[in-house]
Amino acid sequence: MNTARQGRPFFFNPGPTNIPERVLKAMASPSMDFFAPEFMDIHRYCHAGLMRVLKTEQRLFIYPSTGHGAWEASIVNVFSPGDLVLVMESGFFSERWATMAEHLGVRAETLPADWDQGVTAEALQARLEADTGHEIKGVLAVHNETATGMTHPVAGYRKAMDAAKHPALLMSDTISSLGSIDFRMDEWGVDVAVGGSQKGLMLPTGLGFTGVSEKALAASKQATLPRKYLDWRTLEGREPQDFPGTVPVHMFFGLNESLHMLEEEGLEQVFARHTRFGEATRRAVKAWGGAGEGPRLFCQVPDRLSNSVTAVLMPEGHDAEALRKAATRYNLSLGGGLTRLAGKVFRIGHLGDLNEPMLLGALSTIELAMRTAGIPHASGGAEAAIAYLADM
């Protein structure tokens, strides 16, 4: 068999994602003095543009970091040693956020839930009502859990907190939802929103950021966890913000272009496109499942199915890694299962720079890979996606 890989790779991991040519070309520019007026115009546009995507009129801090750096910033800036936070269990990334909090000296209690179900707003309200002394200082929720393909009800969590009359900060990870799925920081009462550059914003990994409410900013004045590089107090030196060291100007060149792309399409149209592609992907998976012998959607709550990533549970006795390996033969990269889901699920990222031919090509190739790897499935997944998209 000829193993040469002609043609363009199909990259369908849920992050990092495809980088548009417009963004790549924008980043292939000479360096610029980050104090120059020309760069400050770019910086201000990027700052204001990210706030529009977050749908906030409060504060924003950007860091040269991954999303993990923004996670750390969300913790060290508002909490003190020994504070208690309540983490909504959603999957691998809620576990990682909780572990990070504990390593930084914050106590993390997990509100448990099955990974294919997620925490309900009612369960959160009950736990907060039991916290009569208001020991819990923060509620941490992943808006879109990349590991499981589930979107969680951040707005519902805020309503539960308000119903319980609890003063904790609401903090939300938006890393695999921002720019793909509607997120409304101010309307939903989110105090700290954590984001990263490498998913819906269509950039390389390298920028992390936090949207910060006035309530969270006030809490940061009293917090005593050690902080330096990510300290909000040191980033308020100039407008729109100072930086912890050299400004990553080329990332800003790329962000400037990606924000223009989002605004040219229109955010509502961007969300509608992701909704279409999410549903088309799910219809393909359901078709592959056939009468029950094939793969199926991991998420078991219909209104929590993600529009940016789909987690697919393999048939009993079959290894997801065998499927992923078969897919690489055809130049298709898929996400794998994480921790307890390793080998059990594969993940299809359908977010960012994506159109119908790209998606249909990936779905057809997944079906080819399943046949190659001997995975039980019914045929017709791509046809089901085509039928859905043709009617839209």
Side-chain angles (χ1 to χ4, degrees), residues 54-59 70-91 93-102 104-115 117-145 150-175 177 182-195 210-225 232 301 303-304:
L54 280 165
K55 297 187 177 177
T56 183
E57 297 181 359
Q58 300 188 75
R59 300 300 301 273
W71 266 357
E72 184 161 328
S74 74
I75 295 166
V76 297
N77 278 289
V78 298
F79 299 125
S80 297
D83 279 352
L84 176 66
V85 297
L86 183 64
V87 181
M88 306 294 94
E89 184 169 11
S90 58
F93 289 100
S94 68
E95 284 188 343
R96 289 288 290 271
W97 203 0
T99 299
M100 177 182 282
E102 291 175 335
L104 294 168
V106 173
R107 293 179 295 137
E109 174 189 332
T110 297
L111 191 58
D114 292 337
W115 283 18
Q117 302 283 334
V119 176
T120 65
E122 292 78 12
L124 173 59
Q125 182 175 337
R127 177 63 186 94
L128 293 178
E129 287 174 344
D131 181 35
T132 55
H134 295 163
E135 186 181 10
I136 295 168
K137 303 303 180 185
V139 172
L140 280 56
V142 176
H143 181 219
N144 191 77
E145 175 58 69
M150 291 183 64
T151 303
H152 297 270
V154 174
Y157 293 156
R158 166 49 70 188
K159 290 178 181 177
M161 295 172 71
D162 291 346
K165 297 181 173 57
H166 201 288
L169 297 169
L170 175 58
M171 307 168 75
S172 179
D173 172 316
T174 74
I175 293 173
S177 58
D182 196 11
F183 183 86
R184 305 183 176 212
M185 178 176 163
D186 289 358
E187 181 180 326
W188 295 352
V190 175
D191 294 299
V192 182
V194 173
T210 48
V212 180
S213 74
E214 293 301 324
K215 180 180 176 181
L217 199 62
S220 74
K221 310 301 183 186
Q222 308 300 321
T224 59
L225 280 175
W232 295 342
V301 183
D303 63 359
R304 294 192 179 190

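Residue numbers run from 1 in the order of the sequence given.
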| note | Only one of I175, T174, T151 passes side-chain contact (heavy atoms from CB on, under 4.5 Å) with N144, and that residue is T151

| request: Quickly, which of V119, V154, V142 forms a side-chain contact (heavy atoms from CB on, under 4.5 Å) with M88? Name it, please. | output: V119

Minimum-distance pair of heavy atoms, taken over all atoms of [X] and [Y]:
X    : Y    : result
A73  : W232 : O-CZ2, 4.0 Å
A108 : A101 : CB-CB, 4.5 Å
A168 : M161 : O-CE, 3.2 Å
G118 : A113 : C-CB, 3.4 Å
V194 : A70  : CG1-CB, 3.5 Å
M185 : A193 : SD-CB, 4.1 Å

Tell me, yes or no, whether the heavy-atom count around [X] atom [atom1], taken from other residues, nucleotides or ligands under 6.0 Å, exceeds 12.
X    : atom1 : answer
K221 : NZ    : yes
E214 : CD    : yes
K55  : NZ    : yes

For the pair [X] (side chain) and [Y] (backbone), establish whether a donor and an acceptor sit closer than 3.5 Å, ignoring hydrogens and angles.
X    : Y    : result
R304 : H152 : no
K137 : S80  : no
D191 : M171 : no

If we only count heavy atoms from C-beta on, is the [X] to [Y] side-chain gap below 4.5 Å?
X    : Y    : value
Q58  : L217 : no
P81  : T224 : yes
V190 : T56  : no
R96  : W71  : yes

| request: Go through the structure and list residues passing ring-ring contact (aromatic ring centres under 6.0 Å, His included) with W188, not counting sequence neighbours. | output: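 For W188, the residues satisfying ring-ring contact (aromatic ring centres under 6.0 Å, His included) (neighbours in sequence not counted) are H143, F183.
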
Distance in Å, [X] [atom1] paired with [Y] [atom2], rounded so as to fall on 0.5 Å steps:
X    : Y    : atom1 : atom2 : result
E135 : D83  : CD    : CG    : 9.5 Å
I75  : L104 : CD1   : CG    : 5.5 Å
D173 : T210 : CG    : OG1   : 12.0 Å
Q125 : T120 : CD    : OG1   : 10.0 Å
W97  : S90  : CH2   : OG    : 9.5 Å
R127 : I136 : CZ    : CD1   : 4.0 Å

| Step-by-step side-chain contact (heavy atoms from CB on, under 4.5 Å) determination, L86 to L128 | CA-CA 9 Å; L86 183 64; L128 293 178; 4.2 Å; yes

| message | Run the side-chain contact (heavy atoms from CB on, under 4.5 Å) test against D162 and tell me which residues pass, sequence neighbours left out. | response | R158

